[in-house]
Amino acid sequence: MNLFEQTICEMAAKVLNSADESGVWEPFELNELIEQPPNPEMGDYALPCFSFAKSLRRSPIKIAEELADKLQTDLNHDSSVTAIQAVGPYLNFTVSAVVMAETVLPDIFLGTYFKAPSKIALERVMIEYSQPNTHKGFHVGHMRNVALGDSLCRIYKYNGYEVVGVNYIGDVGAHIAKCLWFFRNHNTETPPEHFRGEWLGELYTQAVKKLDDAQGQEKIKFQQEVSQILQKLEAKDKEFTREWKMTREWSLKDFYEIYEWLDVNFDHIFYESEVDEEGRKIVLEGEQNGTFERSEGAIGINLEEENLGFFMLLKSDGNTLYATKDLALAQRKFDEFGVKRSIYVVGAEQTLHFKQVFATLKRMGYVQVGQCFHLPYALVMLPEGKMSSRAGNVILFSQLRKEIIESIQSTHLAEHREDWSQLELNETAQKIAVAAIKYGMLNQDSNKQIVFSMKDWLISEGDTGTYLVYAYVRIRSIGRQIPREVSSDVDFSLLVHPNEKKLLRQMLDFNRTVYNSGEQYRPSLLARMLYEFSKNFSRAYNTCSVKHAETAQLQAARLLLFHCVAETLLQGLHLLGITPPERM
RNA sequence: GCUCCCAUAGUUUAACUGGAUAAAAUAGGGGUUUCCUAAACCCUAGCUCCGUGUUCGAGUCACGGUGGGAGCGCCA
C-alpha cells in the first residue's frame with residue numbers, strides 16, 4: 001500500500017463505517033478493491049462500490065454519490081488527495097501530482113527506490129531454463145525459453161529472492177548416437193572453422209533422413225549400427241567417448257557463445273550425462289523397495305490414483321530415459337542446493353511429463369514437490385508447422401541474429417558510419433538486436449504460440465524492443481545537451497502536465513509491477529508496462545521540452561523527471577535482460 | 001478415442017484475473033522537422049468464433065459445438 005492508497009483507504013473506511021453500523025471496514029480490506037480508472041481525467045484511483053451494496057442496502061451508484069458528498073469536507077489543500085467524485089458506481093480519487101513527484105523522484109534519483117525490494121530476504125529459488133541438446137542446432141524456439149528464464153531470474157533477484165539460475169544440457173541420448181553414426185560413416189565434409197555445433201545439427205538431420213529413407217536389409221543394418229554406438233557410449237567405450245567429448249565441446253562452444261552474446265549467465269550448469277547413473281540407481285532402488293514396478297520388461301510407476309497413467313522410468317534394455325534423469329536432477333536440487341522453491345521453464349508439450357515427475361517425487365517422499373512449478377510456454381511455430389531439428393525445418397538463432405544486425409546496420413546506423421568508431425557501431429547494433437529479440441519473445445503471454453516470420457523480427461517501429469531503447473537514448477541525449485546538473489532540489493509543483501503525471505504514476509507503481517511479474521511468472525507484465533512507459537515518455541518529449549522550457553526552474557524540474565524516467569527504464573530493461581545503448 | 005492450451009480490428013497482440021465507453025502496434029487515409037535524434041509525435045477508420053447458462057454485471061467463469069496447436073508406456 002503506498003501513501004496514496006493508504007490515504008484513500010483510510011478516508012473511505014472512516015466514512016463507510018460511519019454510514020454502516022453493522023459492519024466494520026478495515027483500510028487494508030478496501031485496498032484489495034482499489035483499481036485504476038480507464039482514463040486519467042476520471043481520477044487516479046477508483047473504489048468500486050458494488051461490494052457495499054448488500055450491507056448498506058442501496059445501489060452502488062447511490063453509495064458512490066453519498067460517499068463522495070461526505071468526503072468533500074475532508075479535502076484540504078495540502079492533502080495528497082485533491083479531488084473526489086462519483087462516476088456511476090465508482091468513487092474516484094484524484095491525487096496530487098506534486099505529492100507524487102515528491103514521493104517518488106528523490107528516491108529514484110538517489111537509487112534507493114530500486115534497492116527497496118531486495119531488502120526483504122526471501123527463500124532460495126532455483127530456476128531451470130534453456131536446456132538445449134548438444135549435437136542439435138540452437139534455433140529461435142530455444143530463444144523464447146532463454147528470454148523467459150533469464151528475465152525471471154533477474155526479476156526474482158530484484159524482488160529479494162536468492163536465485164540460482166541453472167541450465168540443464170542434454171548431452172546424452174539417442175540423437176547423439178545418430179549424429180555420430182552419420183559423422184563416422186557417411187560424412188564427407190570437413191568440419192567448418194566456426195559454428196561446428198550447428199554443423200553437427202545438420203549432420204543429425206541428415207542422419208535422421210538417411211535412417212528414415214533406408215529400406216529393407218540396409219535399414220536393419222543402419223539401425224544396428226546406431227544401436228551399437230549407443231551401447232558403446234553407455235559402456236564408456238574409449239574411442240567413442242573421446243569422439244563424444246570432442247563433438248560435445250563443439251556444441252557447447254556454440255551455446256556459450258550465444259549466451260555470452262545475449263548476456264545470459266547461469267549460476268550452475270547441469271549435464272544429463274552427470275545424472276544418468278544416479279537416475280538409474282534411484283529407479284532400481286525404487287523397484288527394490290516397491291515404490292516402482294516392472295511392467296513389460298521396463299520399470300515405471302503406476303500413477304492411476306493421480307489420474308496420470310503409467311509413467312515409464314527405465315527402458316526394458318536398462319537404458320535411462322529423460323524421466324530417469326529428471327528424478328536424479330530433482331534430488332540434487334533439493335539435497336545439494338537446498339532450494340525451497342524450484343521452477344522449471346519448459347515447453348507446454350511437457351506438461352503431462354512434469355505432472356508425472358512431481359507425482360513420482362511425492363510418492364518417493366519428497367515433500368518439497370509442493371514448491372515445484374513447471375512454467376510452460378507455447379511453441380515458436382513456422383507458418384508450415386512445428387519446428388523440428390529432426391526434420392531440419394528450423395530457423396537457427398544465428399540466422400536471426402545475423403539478419404537483424406544487418407538490418408540495423410544498413411537502415412539506421414549507416415548515418416553514423418563517418419563519426420562513430422567501428423567498435424561503437426558493432427556494440428550498438430548488438431544491443432539493439434538483443435533488445436529486439438528479447439522484447440519480441442517477452443512482450444506477449446507465454447501460453448500463446450508465436451508464428452515466426454523473419455520480416456516481423458526486422459521491424460523497428462511501434463511495439464518493439466527497438467522502440468524502448470530508442471526512448472531511452474533520447475532521454476540521455478537531453479541530458480547531454482542541457483548544461484545543468486541533475487538535482488532533486490527542484491520545485492515539484494511545476495510538473496503539472498498530464499503527460500508528466502502519467503510518468504510519475506508509472507514510476508510509483510514500478511516496484512509493484514515487477515513484483516507481480518515475478519509472482520505470476522509473467523515477464524510480459526513488465527514488458528508491456530515498459531512499453532506504455534516509453535510511449536508516455538515519447539508523448540511528454542513532444543509536449544514538455546526541457547531544452548525550451550519557459551523558465552530555469554521548470555527546466556530543472558523536467559530534467560529531474562526525465563532523468564528518473566531514464567533510470568526507471570534502464571532498471572526495467574535490465575530486468576528483461578536488455579542493456580540499451582547510450583546513443584543510436 | 002481421451003486430456004491440455006489457444007480463438008478479440010485486415011494482421012500481430014492488450015484488457016489490472018468478473019467491473020466503467022474493449023486498448024495498442026502494424027497495414028490503410030491525412031498531417032507534424034528554422035525548435036532536446038522522424039527508429040518519433042498527432043488526427044482518422046476498423047474488433048470479442050457460434051450457442052446455452054451462472055449474476056447487479058461476462059472478452060474474462062461453466063457446459064455444448066466449430067476451427068488451430070500440443071500431449072497420451074520404451075523420443076527428449
Side-chain angles (χ1 to χ4, degrees), chain A residues 33-39 42 46 48 50 53-54 59-61 87-90 92 131 133 136 170 172-175 272 295-302 307-317 319 321-323 325-326 346-353 355-356 376 378-379 381 385-386 389-390 408 411-413 415 432 443-445 447-451 453 456 459-464 466-467 469-471 473-482 509 512-513 516 520 524-525 528-529 531-532 534-535 537-539 541-549 558-559 562 583-584:
Chain A
L33 303 172
I34 296 286
E35 296 174 13
Q36 190 167 353
N39 70 65
M42 297 167 100
F50 304 101
K54 227 172 277 168
S59 80
I61 297 171
V87 182
Y90 293 86
N92 290 346
Q131 310 110 335
N133 283 326
K136 287 188 189 178
V172 289
H175 71 280
E272 278 190 30
S295 165
E296 296 170 32
I299 299 176
I301 181 168
N302 189 327
N307 212 10
L308 295 170
F310 184 81
F311 188 35
M312 275 256 306
L313 297 170
L314 200 65
K315 296 204 268 187
S316 51
D317 63 5
N319 283 327
L321 289 158
Y322 190 52
K325 292 166 245 183
D326 257 332
V346 183
E349 69 278 9
Q350 292 187 42
T351 299
L352 175 61
H353 169 81
K355 279 185 183 169
Q356 291 172 323
L379 291 174
M381 305 282 288
K386 193 179 169 180
S389 300
R390 279 183 68 86
I408 293 166
T411 57
H412 294 295
L413 293 180
E415 56 185 291
I432 299 169
N443 77 335
Q444 58 183 289
D445 225 67
N447 58 359
K448 270 197 173 130
Q449 276 179 17
I450 294 178
V451 178
S453 157
D456 292 344
I459 292 169
S460 61
E461 285 169 14
D463 190 0
T464 61
T466 311
Y467 180 92
V469 294
Y470 182 63
V473 302
R474 289 180 110 185
I475 311 177
R476 290 307 190 206
S477 174
I478 296 172
R480 283 193 293 269
Q481 291 182 46
I482 305 296
D509 292 342
R512 182 174 308 169
T513 304
N516 289 339
Q520 294 176 34
S524 65
L525 292 181
R528 301 212 66 84
M529 177 266 167
Y531 172 69
E532 292 300 327
S534 303
K535 186 90 192 160
F537 160 73
S538 293
R539 286 173 175 150
Y541 180 87
N542 276 273
T543 51
C544 309
S545 177
V546 180
K547 199 174 187 177
H548 308 288
R558 283 182 177 166
L559 188 64
F562 285 149
R583 55 179 190 166
M584 62 191 266

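Worth knowing before you read on, the calculation uses all heavy atoms, side chains too, and leaves out hydrogens, waters and symmetry mates. Naming convention: chains lettered A, B, ... in sequence-line order (proteins, then strands); numbering from 1 in each chain.
- Counting non-hydrogen atoms of other residues, nucleotides and ligands closer than 6.0 Å to CG of A:Asn307 gives a total of 12 or fewer.
- At least one donor-acceptor pair closer than 3.5 Å links the side chain of A:Ser538 to the backbone N or O of A:Ser534.
- For the C1' atoms, the distance linking B:G51 with B:U17 amounts to 25 Å, nearest Å.
- Taking A:Ala53 as the reference, A:Pro60, A:Ile63 meet the side chain to side chain contact (heavy atoms under 4.5 Å, CB included) condition, with sequence neighbours excluded.
- Annotated as syn: B:U33, whose O4'-C1'-N torsion sits within 90° of 0.
- Listed candidates were B:A20, B:C36, B:A39. Nearest to the side chain of A:Pro38 is B:A20.
- Annotation: B:U48 and B:U8 have their C1' atoms spaced 4 Å apart (nearest Å).
- For the C1' atom pair drawn from B:C50 and B:G67, the interatomic distance equals 11 Å after rounding to whole Å.
- The residue among A:Lys386 and A:Ile450 whose nearest nucleotide of RNA chain B lies closer to the 5′ end is A:Ile450.
- By the side chain to side chain contact (heavy atoms under 4.5 Å, CB included) test, A:Arg476 is found to be paired with A:Tyr472, A:Arg480, A:His563, A:Ala566, A:Glu567, A:Leu570, A:Glu582, residues two or more places apart in sequence or in another chain being considered.
- B:G71 and B:A39 have their P atoms separated by 43 Å, given to the nearest Å.
- A straight line from CG of A:Asn443 to C1' of B:U26 spans 13 Å, rounded to a whole angstrom.
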Show the distances under 3.5 angstrom between N or O atoms of the protein and N or O atoms of nucleotides 72-76 of chain B.
residue, atom, partner, partner atom, Å
B:G73, N2, A:Ser295, OG, 2.3
B:C74, O2, A:Ser316, N, 2.8
B:C74, O2, A:Ser316, OG, 3.1
B:C74, N3, A:Ser316, OG, 3.2
B:C74, N4, A:Glu296, O, 2.6
B:C75, OP2, A:Lys315, NZ, 3.1
B:A76, O3', A:Glu272, OE2, 3.3
B:A76, O2', A:Asn133, ND2, 3.4

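- Contact annotation for A:Pro48: no contact, since no heavy-atom pair falls under 4.0 Å across all strands.
- Stacking of A:Arg474 on the aromatic ring of A:Tyr541 is recorded, both the 6.0 Å distance cut-off and the 45° axial limit being met.
- In terms of the salt bridge (charged side-chain N to carboxylate O under 4.0 Å, His left out) criterion, residue partners of A:Asp445 (sequence neighbours excluded) are, by chain and number, A:Arg522.
- Residues satisfying the salt bridge (charged side-chain N to carboxylate O under 4.0 Å, His left out) criterion with A:Asp456, sequence neighbours excluded, are absent altogether.
- Counting any heavy atom pair closer than 4.0 Å across all strands shown, A:Ala46 reaches a base atom.
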### Task
Both distances under 3.5 Å, Watson-Crick or G-U wobble: on that basis, could you give the dot-bracket string for RNA chain B, with [ ] for crossing pairs and | for other-strand partners?
(((((((..((((.....[...)))).(((((.......)))))....(((((..]....))))))))))))....

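- Distances shorter than 4.0 Å separate some side-chain N or O of A:Lys448 from OP1 or OP2 on B:A14.
- Between A:Asp463 atom CG and B:U11 atom P there is a gap of 18 Å when expressed in whole angstrom units.
- Here B:A15 presents its C1' atom at 15 Å from CD of A:Gln444, a figure rounded to the nearest Å.
- The distance from atom OH of A:Tyr541 to atom P of B:U37 is 4 Å, rounded to the nearest whole Å.
- A gap of 8 Å separates the C1' atoms of B:G18 and B:C61, to the nearest Å.
- Using P as the reference atom, B:G65 and B:U26 are 41 Å apart when rounded to the nearest Å.
- Rounded to an integer number of Å, the gap from CG of A:Asp445 to C1' of B:G59 is 14 Å.
- In this structure, A:Met381 atom CE and B:C5 atom C1' are separated by 12 Å, rounded to whole Å.
- Phosphate proximity of B:C16 to A:Gln36: absent, as no side-chain N or O sits under 4.0 Å from OP1 or OP2.
- Checking B:A14, B:U37, B:A39 against the side-chain heavy atoms of A:Arg583 singles out B:U37 as nearest.
- With a glycosidic angle no further than 90° from 0, B:U17 counts as syn.
- One can place CE of A:Met584 at 13 Å from P of B:U37, the figure rounded to the nearest angstrom.
- Listed by chain and number, the residues in a side-chain hydrogen bond (donor to acceptor under 3.5 Å, both in side chains) with A:Ser460 are A:His412 (sequence neighbours excluded).
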### Query
Nucleotide by nucleotide, 5' to 3', does protein get under 4.0 Å of the base (B), only the sugar-phosphate (S), or neither (-) in nucleotides 41-50 of chain B, counting heavy atoms?
SS--------

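- Note on A:Thr351: every side-chain N or O is 4.0 Å or more away from OP1 and OP2 of B:G71.
- Comparing A:Asn39 and A:Ile459 against RNA chain B, the residue whose closest nucleotide sits nearer the 5' end is A:Asn39.
- Counting any heavy atom pair closer than 4.0 Å across all strands shown, A:Phe562 reaches no nucleic acid atom.
- Checked by distance alone, A:Asn92 brings a side-chain donor or acceptor within 3.5 Å of a matching partner on the base of B:A20.
- Side-chain N or O atoms of A:Glu272 include none that pairs as donor or acceptor with a backbone N or O of A:Lys325 at under 3.5 Å.
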#### Entry: CA sep, side-chain torsions, deciding dist, call: A:Ile478, A:Lys547, side chain to side chain contact (heavy atoms under 4.5 Å, CB included)
CA-CA 8 Å; A:Ile478 296 172; A:Lys547 199 174 187 177; over 6 Å; no

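- Within 4.0 Å of A:Pro37, counting heavy atoms only, lies at least one base atom of the nucleic acid.
- Taking atom C1' on both nucleotides, B:G59 is separated from B:A40 by 32 Å, rounded to a whole Å.
- Applying the ring-ring contact (aromatic ring centres under 6.0 Å, His included) rule to A:Tyr470 yields no partners; only residues at least two apart in sequence or on another chain are considered.
- Remark: A:Asp463 engages A:Arg528 in a salt bridge (charged side-chain N to carboxylate O under 4.0 Å, His left out) (not counting sequence neighbours).
- In this structure A:Leu33 satisfies the side chain to side chain contact (heavy atoms under 4.5 Å, CB included) test together with A:Leu30, A:Leu47, A:Pro48, A:Ser51, A:Phe52, sequence neighbours excluded.
- Here the separation of B:A24 from B:C47, taken at their C1' atoms, is 13 Å to the nearest Å.
- The separation between A:Glu461 atom CD and B:A25 atom C1' is 10 Å, rounded to whole Å.
- Under the salt bridge (charged side-chain N to carboxylate O under 4.0 Å, His left out) criterion, A:Arg583 pairs with A:Glu424, sequence neighbours left out.
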